[in-house]
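Just so it is clear, the structure is predicted and the values come from calculations on it, not from any experiment.
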Amino acid sequence: MNEIRIFSPATVANVSCGFDVLGFCLNTVGDEMVIRKTNKKGIHITKIEGFDLPYETELNVAGVSALAMYKTLEVEFGFEIEIYKKVKPGSGIGSSAASAVGSVFGMNELMGRPFNKTQLTEFAIKGEAIASKCEHADNLAPAIFGGFTLVKSIAPLEILEIPSPEDLYATIIHPQIEVKTSEARAILPKEVPLNDAIMQWANFGSLIHALHTSNYDLIKNSLHDVIVEPYRSQLIPYFNEVKNEALIAGSLGCGISGSGPSIFTLNKGIEMAKNVKVAMENIYSKTNIKYDIIVSKINKEGIKILKP
């Protein structure tokens with residue numbers, strides 16, 4: 001096999017109380033990428049559609065992660081990358097992660113899978129760091145492993161797969177504004193009160209237990225962020241209004257997807273997810289801000305090969 005077409009999914013990271021460590025994978029939105037072997041050594045980006053991204057390998061997220069893998073190989077061939085970008089950069093649903101993951105996954109498949117999923121994540125981190133200015137894996141891991149993932153450690157990298165309740169759906173609204181990850185990090189406090197820290201890790205621990213036991217009531221009681229959301233929500237117009245209406249409509253919880261501006265909710269069942277979609281739309285439809293909105297079951301498979 002000399003060419004492969006893949007679907008690299010969008011993801012939600014942070015997940016309220018799981019800042020920088022917890023993420024989950026979506027199944028209704030993602031990039032498509034074509035990776036092929038070429039006689040010309042090196043990594044070459046030959047086509048980009050959807051958004052204006054650099055063709056220079058060292059400046060492109062997919063190119064940097066591919067180079068990280070390529071430098072470990074001793075091969076007499078190279079790879080070409082085509083990117084059909086459908087996850088908008090800066091949307092808060094893992095656009096850069098989708099690119100970073102896609103290139104290394106495709107290369108790995110073409111070479112007969114010499115690397116495991118954790119190793120692929122390590123390569124992809126190098127590309128993700130180009131976009132976010134730091135090395136983190138809370139978007140990368142769910143894209144590669146599927147479902148919910150917990151990044152226990154970056155050095156050494158350790159990813160834990162967390163079960164996803166069967167009837168769990170996400171509804172996500174993406175206001176068409178830009179929130180840069182670097183700016184969203186800069187706004188965060190360097191120190192937090194001990195009481196807030198205790199509350200946060202109690203929520204996080206109970207959320208992990210709730211996912212393991214499919215306890216939807218406990219999920220609802222755990223999806224609370226007292227450390228990051230109070231600051232980052234200021235960067236997202238109508239965040240509080242959207243959150244309030246989503247909870248009234250029956251959502252299990254609502255929070256900021258990644259660094260924003262997307263706002264995610266988790267819901268029990270497809271009908272509830274659709275009801276929450278209407279509630280969220282009711283807020284933004286009355287503003288001058290354009291938006292996209294998606295409903296997605298949690299994607300337990302992660303990145304996948306598309307049939308020719």
Side-chain angles (χ1 to χ4, degrees), residues 1-13 23-37 43-51 53 60-66 69 79-113 115-125 127-128 131 137-149 159 161 164 168-172 174 257-258 262 264 270 273 292-308:
M1 184 167 60
N2 292 315
E3 180 176 302
I4 190 171
R5 191 178 189 96
I6 56 102
F7 171 80
S8 193
T11 50
V12 170
F24 63 83
C25 190
L26 304 173
N27 69 0
T28 56
V29 60
D31 293 345
E32 292 186 16
M33 298 174 69
V34 175
I35 316 295
R36 69 175 61 88
K37 290 181 182 179
I43 303 295
H44 313 281
I45 299 172
T46 58
K47 190 173 185 178
I48 300 174
E49 291 185 1
F51 294 95
L53 300 173
N60 187 291
V61 170
V64 172
S65 61
M69 175 188 286
F79 294 92
E80 292 180 348
I81 303 172
E82 296 180 3
I83 303 171
Y84 300 89
K85 196 72 184 160
K86 299 181 181 181
V87 184
K88 184 178 180 180
S91 60
I93 53 173
S95 178
S96 57
S99 294
V101 164
S103 59
V104 296
F105 175 85
M107 290 167 59
N108 195 52
E109 290 292 320
L110 292 178
M111 292 189 298
R113 300 180 185 173
F115 301 108
N116 61 36
K117 291 180 178 181
T118 299
Q119 291 170 314
L120 292 182
T121 307
E122 288 186 295
F123 295 132
I125 282 176
E128 174 77 323
D138 49 343
N139 281 111
L140 301 168
I144 291 176
F145 287 82
F148 280 81
T149 57
I159 308 296
E161 297 182 71
S164 176
L168 196 61
Y169 286 78
T171 304
I172 301 165
H174 170 216
S257 179
S262 288
F264 82 92
I270 183 65
D292 295 322
I293 190 163
I294 59 173
V295 174
S296 174
K297 190 174 177 65
I298 305 303
N299 176 357
K300 296 184 180 182
E301 179 182 2
I303 191 169
K304 65 181 180 181
I305 300 170
L306 296 175
K307 294 180 181 180

Closest approach of L53 and P89, non-hydrogen atoms and distance? CD2-CG, 4.1 Å

Are any non-hydrogen side-chain atoms of D292 and V29 less than 4.5 angstrom apart? no

If I compare all heavy atoms of A100 with all of V104, which pair ends up nearest, and what's the gap? O-CG2, 3.5 Å

Would a distance-only check, ignoring hydrogens and angles, find a side-chain to backbone donor-acceptor pair under 3.5 Å from D31 to V87? yes

So which atom in L26 and which in I294 form the shortest heavy-atom distance, rounded to 0.1 Å? CD1-CD1, 4.0 Å

E109 side-chain N/O to G106 backbone N/O, donor-acceptor pair under 3.5 Å: no

Looking at V295 and A273, what are the two nearest heavy atoms and their distance? CG1-CB, 3.8 Å

Measuring from L168:CG to I298:CD1, what's the distance to the nearest 0.5 Å? 4.5 Å

Given side chains that start at C-beta, do those of F264 and I93 come closer than 4.5 Å, heavy atoms only? no

About how many Å separate CZ of R5 and NZ of K307, when rounded to the nearest 0.5 Å? 15.0 Å

Rounded to the nearest 0.5 Å, the CG atom of N108 sits from the OG atom of S103 at a distance of 11.0 Å

Looking only at heavy atoms, what is the nearest atom pair of K85 and S95, with distance? NZ-O, 2.7 Å

How about H174 and S257: do any of their side-chain heavy atoms sit closer than 4.5 Å? no

Students often mix this up, so state it plainly: with edges at 30° and 60°, are the rings of F24 and F148 parallel, tilted or perpendicular? tilted

Side chain proximity check, K86 to F7, heavy atoms < 4.5 angstrom: no

Could you state the interatomic distance from CD1 (I48) to CE (M33), rounded to the nearest 0.5 Å? 9.5 Å

Side chains of I81 and N60, heavy atoms from C-beta outward: is any pair under 4.5 Å? no

Distance in Å, E32 CD paired with I83 CD1, rounded so as to fall on 0.5 Å steps: 13.0 Å

Check whether any side-chain heavy atom of K47 lies under 4.5 Å from a side-chain heavy atom of V34, and answer yes or no. no

Are side-chain N/O atoms of S296 and N27 paired as donor and acceptor at under 3.5 Å? yes

Determine yes or no for a side-chain-to-main-chain donor-acceptor pair under 3.5 angstrom, with S65 supplying the side chain and A124 the backbone. no

Could you check whether any side-chain heavy atom of L120 comes within less than 4.5 Å of a side-chain heavy atom of M69, counting everything from C-beta outward? yes

Which pair of heavy atoms, one from I43 and one from A66, lies closest together, and at what distance? CG2-CB, 3.8 Å

Can you check whether F79 reaches L110 side chain to side chain, under 4.5 Å on heavy atoms? yes

To the closest 0.5 Å, what do you measure between CE (M107) and CZ (F115)? 8.0 Å

For the pair D138 (side chain) and A13 (backbone), establish whether a donor and an acceptor sit closer than 3.5 Å, ignoring hydrogens and angles. no

Residues R36, E3; criterion salt bridge (charged side-chain N to carboxylate O under 4.0 Å, His left out); working and verdict: CA-CA 4 Å; R36 69 175 61 88; E3 180 176 302; 2.9 Å; yes

